[in-house]
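First the proteins, then the strands, lettered A, B, ... as listed; each starts at 1. It should be emphasised that the depicted structure is a prediction, and the values quoted were computed from it without experimental measurement.
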Amino acid sequence: MSGTLAEQALARVLSYLHGAGVDITPAVTADVLRLIGQALMDDPQRLLARVMQRLPDHFDLPAPPLPSAVPALHRGSIRYAAQR
Amino acid sequence: MNDVPHDTRLERRRRHWKRAAVWRRSLLSLLVLSQTLAGVYVMISVLPYHASNYLEQSIVVLFAVLFAWISVGFWTAMLGFVVRRFGGDRFSLVRRHDAARLRATPLARTAIVMPIYNEPVSRTLAGLRATIESLRATGELDYFDFYVLSDSRDADVWLAERGGWQRLCDDLGVQGRLFYRHRPVNLNFKSGNVADFLRRWGRDYRYMVVLDADSLMGGDTLVRLVRHMELEPGVGILQTNPTLVNARSAFARFQQFANQIYGPLFSTGLAAIQLGEAAYWGHNAIIRCDAFMAHCGLRRLPGLGLFRGSIMSHDFVEAAYMGRAGYEVWMEPELGESYEESPPTLVDELTRDRRWAKGNLQHLWLFLVGHKLRFAHRMAFLNGILSYLASPIWLVFLILTSIEATRLTLWPINYFPDRQSSMFPVWPEWHPHWAVGLILSTVFLLFFPKLLAIVDVLLTGRRRQFGGFPHLLVSVLGELLVSTLLAPIRMLAHSRYVLEALANMSLHWGGQNRDEETGWRQALLSQAPGTVLALGWAAFAWWLDRMFFFWSLPVALPLIFAAPTSVLLSRVAIGDWLRRRRLLITPEEQQRSVLVSAIAEPVQLEDVVLNGFEAAVIDPSLNRLHRHHARRRRVLDQDELAHCRERCRDLGPAALNRRQLNLLAHDADSLAILHEHAWQASARGFWGGRLAIWMAHQSERRSHDTARGLE
């Protein structure tokens, strides 16, 4: 059971890191395995939660600058002519 | 206040085209009027009592309106044919400046704005991507900014829009040039959305180009539009003539073919009549921002019922206001690379028409009491109104003619219909050959422009673009058949919409379906009233008089078979079959236009396996994006927020209504909490299951990318 959970944890963490923009190199994979090992020692019943909680401490997740959704405001007005 | 620039050159040009416009419109009026008078004369002769009673007089009046209406279409196409035969309109705006002058004209800052409302995200952004790439290829991208102006109310949709926007920014490197605005309150529909943009950023741009969600425009055309506007400071709006493309279903392919083959004649004729007092169609047009902001604000209508409240069909009104302010409005069919799409099914077209019918009928108020509007723009209002009002007029005409036939058959002959003034009997007369002549002349007015369009294709050497002459001929015959089948269905639907509009029934403002087929159940239910009515009418006609029965068939049969027509025409497989047989082929398909191909199979967004909200919760980069852009506002009801979060965490987003989902989607903390929960959830729960699907999809993509890399 714990083996299955560990597999799930490994897949989950690798997916998360990839989704967050981390390149999955052998070194990163080794780090992930170490993280799972520590979490297994710590609390094998709540492995998935433990691993994901500790993830930010083990990896610097990339934070590329996000595009600005809108430019600075430059307010103008719409004029309404009389209809009749 | 008139702030239109004045100089002698502009004034001379204006006088020049206005003289031509007066002459052309007078000629058109004369032709339509004389043709209608001739038609009315024959109609009176055809009627047994020669319009000497109220019933026949009513028939004649309705006939006159309908005959005049189709005469306008006929002569517009004739004029279009003649203008094209002479190599184009010498008064046209785009012919004022040669290519060298245009090239030498510097560009000005222009915003390309795309107001959207619950549209298919992949298709919408694929069109925008193609437009940006096309502009980049011109080397003039630096002059343009792009705005996706979303009014979408569904969190799944607007979250997907925002994710798609970021991906587009990254893919094309247009951060700081491509913007995404999600309006919290969608006041006054699309025109309110554009007005919201102008109030915020309109002063930063000299021009804006408005695109619809299904619009597509080429970079060269956009650059030409800006240069023409720079050279013509008296022009407020320059409208292109969008061509239908990217049709898949049989219905859309018939519409697209008709648009491409007949469109040039009608649009050239229309442009030649309108000249500098054309209409604005709401998209694929360039607008002078300061003039629009100064003169085109839309007040709420002050009347009663339908004529009270927000103006729904804003575009014609904005053109009329621009004209009233002294600016010219041009429609130029010669500007190419301007595209849009047809609704995929009849049901979708009629859903759109329901909205347009109400919007156009609202224009009756402005037509009658609009202050200082130009006569040409009042006529544009009338044209829009009649395009829907013609349907109930036709319906009433059919009802009255049925009553006339019934009366002649069942009632005793009335020899003294006008008892007061005549001592002599009136003998009912029936001239079948005159009636046949009248029917044939009506058919001629309706179909001759279509034949002329084929002649135009042949004379301009474009037959290969439509698949060669045999395929072109078969396609045209097929289109004639389909348009004949659809006309009575549209007539009955439009009649209902006009009645609903006059009763001021409220409408749901919905995004358009752009890719779904019509099911049998939906078609049978929606077409049942027309089918029952037509069956009853045909049975009555059979019982009454065999000749009358045969006369009723062209209208009754299409209504009886409306449901299968609607279903079969909605089928993409039939559309593809026609295309494989090189029927209904259009030039863009033949030439494999790069621009149009870009939207043929839009790139799917990253997380199509999840809906927009689920992707926002699960995908780490999307979650970060949405948290970053979540509104920084204090949620008044923290308890409700916590309650929604808990339900969403335990049961998934389906357990919440639209308002609750929007509440969560706008709250950065909730998105963060749900994200953490989803990634820590066991595989058996809702979020664990969705996560497994997302991970499988990501893994598949990685394998696909690796395989492509090895290739």
### Message
Please report the interatomic distance OG(B:Ser682) to CZ(A:Arg46), rounded to the nearest 0.5 Å.
### Response
12.0 Å
### Query
What is the distance from atom OG of A:Ser15 to atom CD1 of B:Ile618, rounded to the nearest 0.5 Å?
11.0 Å
### Query
Above 12 or not: heavy atoms from other molecules or residues under 6.0 Å from CG of A:Asp57?
yes
### Query
Using a heavy-atom distance cut-off of less than 4.5 Å, which residues of residues 69-78 of chain A contact chain B?
A:Ala69, A:Val70, A:Pro71, A:Ala72, A:Leu73, A:His74, A:Arg75, A:Gly76, A:Ser77, A:Ile78
### Query
Out of A:Ala9, A:Gly19, A:Gly21, which one racks up the most heavy-atom pairs below 4.5 Å with chain B?
A:Gly19
### Message
Can you pull out every ring-ring contact (aromatic ring centres under 6.0 Å, His included) where at least one residue sits in residues 4-42 of chain A? Sequence neighbours excluded, please.
### Response
A:Tyr16-B:His675, A:Tyr16-B:Trp679
### Query
With a 4.5 Å limit on heavy-atom distance, are the side chains of B:Glu676 and A:Met52 in contact?
no
### Message
Just so I understand: if I count every heavy-atom pair under 4.5 Å between each of B:Tyr147, B:Tyr180, B:Phe179, B:Phe292 and chain A, which residue has the most?
### Response
B:Phe179
### Heavy-atom pairs under 4.5 Å with chain A, option from B:Arg181, B:Arg162, B:Arg199 with the top count
B:Arg199
### Query
Between B:His677, B:Arg624, B:His182, which shows the greatest number of heavy-atom pairs under 4.5 Å with chain A?
B:Arg624
### Query
Residues in salt bridge (Lys or Arg N to Asp or Glu O under 4.0 Å) with A:Asp42, at least two apart?
A:Arg50, A:Arg54
### Message
For residues 60-68 of chain A, give me every residue with a non-hydrogen atom less than 4.5 Å from any non-hydrogen atom of chain B.
### Response
A:Ala63, A:Pro64, A:Leu66, A:Pro67, A:Ser68
#### Entry: Heavy-atom closest contact (A:Gln8 atom, B:Ala683 atom, distance)
OE1-CB, 4.1 Å
### Task
Give the member of B:Ser699, B:Gly176, B:Gly202, B:Ala681 that has the highest number of heavy-atom pairs under 4.5 Å with chain A.
B:Ala681
### Message
Please classify the contact between B:Ala696 and chain A as side chain, backbone, both or neither, with a heavy-atom cut-off of under 4.5 Å.
### Response
neither
### Task
Report yes if some heavy atom in the side chain of B:His295 is under 4.5 Å from a heavy atom in the side chain of A:Arg79; otherwise report no.
no
### Message
Please classify the contact of B:Ala692 with chain A as side chain, backbone, both or neither, using a heavy-atom distance under 4.5 Å.
### Response
neither
### Query
Which pair of non-hydrogen atoms, one from B:Gln680 and one from A:Leu48, has the smallest distance, and what is that distance?
O-CB, 4.2 Å
### Query
Which atoms of B:Leu373 come close to chain A, meaning under 4.5 Å heavy atom to heavy atom: side chain ones, backbone ones, both, or neither?
neither
